[in-house]
Amino acid sequence: MMTGSKPELPLRRYVDMHIIKSMLLVGIAYYVAALIAIHQTITPEGIAILWPPNAIVLAAFLIYPFRYLPFIAAAGITAELVASAPFFPLWSAICFALINLSSVSLAAFLIRRKSGQNFNFDRLKNGAYFLVFGPFLSASIAGMLGGGVYVFLGRTDTSYLSLWQIWWFGDALAMLVLTPLIVVLARWMQAGFPHFKLHFLLEAFLLWLVVIIIGYQSFNIESSDNAYLFFTPVWLVFLGIVAAIRLGVAGASTTVALITAFAVEHLLRGTHPLIVNMPQNALLLTQEYLAIIAIVSIGLALLIQEIAEQRDELKRHENALKAQNQFLEERVNERTLALKEVNQALQHANDRLAKSAATDELTGIANRRHFLSEVERELQRLRLDGQTASAIMIDIDHFKLVNDNLGHDAGDKVLRDIVEPISQAIRPRDLFGRMGGEEFLIFLSGADYDMSNAVAERIRLAIESLTVNYREHQINITASLGVAQWDGNSHLDELFYQADKALYQAKNRGRNRVFNITNIESENRSSRGSNHEDHFELP
Ligand SMILES: Nc1nc2c(ncn2[C@@H]2O[C@H](COP(=O)(O)OP(=O)(O)OP(=O)(O)O)[C@@H](O)[C@H]2O)c(=O)[nH]1
């Protein structure tokens, strides 16, 4: 396919440069480590006290993706051959290379299978798998086979078992010291060095300075025999623990590596306390001593890291829970507020409903039911107080004519407009309601005969002088009013019956007049309007 980009080199299509880089890195590291081990850690029998190349390959096997591994193995084998060839016959060099690489491959396979593909020393479980499959299983198998090759080489009088053990411990020790260090640093680098703090480095340097001072004193028995009584290698165990607590897995591994370097160096120089006190077992005891420091320090660092991570996770959960609680609380508050608003709306609706249940829809004054219940309540109060009261029944005269001539809407307008002058003619505390049709009732508390007649007359006049404007029409109306005086005891039905009777009289006697049932004579006084013609004017 033609593209505008640079043509791809044919080699690149088949070779991944990252893999080449990893091969070079591992190959060179393996070779250098093998040379250092051969030159610096070989016992008089020719066996390395510490064999770091396997630790390096194991770290690479744990860090790199799966498809890199065969290439890294090839690089390791090549480096091993190049490093061993000058010292061993070719067949044995090949054997050593195959033993080392196959044992490390086995360890890497098992560790990755158990711990997942992105292995790191970040879980105690991962550390345990590493310890079992690496230093214990893979290194012991390598030692078993390697010891055999040594026996075949015939260069030493050391027993097969001792050879096996020395090889095993040398491999295992290097794995314990170097593999965690490389893996942790590589993963840290891959993540872009998060959580780096300068004081961490200062603390590390300070600790390592102490390790160097104590290491020099405790492994160098010639330097001061008296000092040995105080400076023993046991102190370094304590420093390994301090490194684990303060510096984590990487710091603990580095500290252990430093202690190991001192121990091996002084062992080979012959100044190590164990060489002086127990020469026949010095090598194995030193390896065991170092292995214990490594396992304790790195294991403790892992444990602390795991606890810290679990604490962080707990904190994260706690925060998430808090956030969720807050969210829930807010939701509850929102809901409560909404509920409050709904309740208020409901209350308003109820109020409106109660008001509309008590109100006459057309005129807006009290309807029959509400009016009667109010009067009932008022009568009870008046009975107790021994006060007087009266009722006025109002009926519009010839109202039917308005409806018939101008329509029902005109009648409604009259009914609405009549309310205002009537309300003006009474006191605010007087009860005023529409009984239905064109009939209204008024209840006057505390009103005696004269007063109720006066009010009724005031109402009659107000209605008489009212002009209702309806479209282009001006409507004038009159009303007849029946007044009844409450006897201080009777039921309201009786009172209104009397008022109705009086109204009937008012109608009968010519309309547009007030008639008081209690005194038939009052008719003469209150019928000033009786001269008026009953009239209905249409413009
Ligand atoms: N527009 C309107 N008319 C109503 C309403 N309620 C009752 N009416 C009418 O009021 C009229 C009452 O007529 P009538 O009982 O004969 O009384 P009237 O014509 O006023 O005659 P008198 O009372 O004898 O003077 C009827 O035509 C009813 O239809 C209402 O709410 N609106």
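Whatever order the structure lists ligands and atoms in, that order sets their numbers, starting from 1.
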Tabulate distances under 3.5 Å between N/O atoms of ligand 1 and N/O atoms of the protein, writing both atom names on each line.
from, atom 1, to, atom 2, distance (Å)
ligand 1, 1 (N), Asn403, OD1, 2.9
ligand 1, 1 (N), His408, O, 3.0
ligand 1, 1 (N), Asp412, N, 3.4
ligand 1, 1 (N), Asp412, OD1, 3.1
ligand 1, 3 (N), Asn403, ND2, 2.7
ligand 1, 17 (O), Glu438, OE2, 3.3
ligand 1, 19 (O), Phe399, N, 3.3
ligand 1, 19 (O), Lys400, N, 2.8
ligand 1, 20 (O), Ile396, O, 3.1
ligand 1, 20 (O), His398, N, 3.4
ligand 1, 20 (O), Phe399, N, 2.8
ligand 1, 20 (O), Glu438, OE2, 2.9
ligand 1, 23 (O), Asp395, OD1, 3.1
ligand 1, 23 (O), Lys507, NZ, 3.0
ligand 1, 24 (O), Arg511, NH2, 2.9
ligand 1, 25 (O), His398, N, 2.8
ligand 1, 25 (O), Lys507, NZ, 3.0
ligand 1, 25 (O), Arg511, NE, 3.0
ligand 1, 31 (O), Arg434, NH2, 2.7
ligand 1, 32 (N), Asp412, OD1, 2.7

### Query
Can you list the residues that meet the side chain to side chain donor-acceptor pair (under 3.5 Å) rule with Asp360, with sequence neighbours excluded?
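Side chain to side chain donor-acceptor pair (under 3.5 Å) check on Asp360 returns Thr363, Arg434.
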### Query
Does any donor atom in the side chain of Asp395 or Ser480 lie under 3.5 Å from an acceptor atom in the other side chain?
no
### Query
Just checking, any donor-acceptor pair under 3.5 angstrom between side chains of Ser356 and Glu361?
no
### Task
State, with a plain yes or no, whether a side-chain heavy atom of Phe440 is found less than 4.5 Å away from one of Ile418.
yes
### Message
Any side-chain to backbone donor/acceptor pair from Ser452 onto Tyr449? Under 3.5 Å, distance only.
### Response
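Yes; at least one donor-acceptor contact below 3.5 Å.
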### Query
Centres of the Phe66 and Tyr64 rings: under 6.0 Å?
no
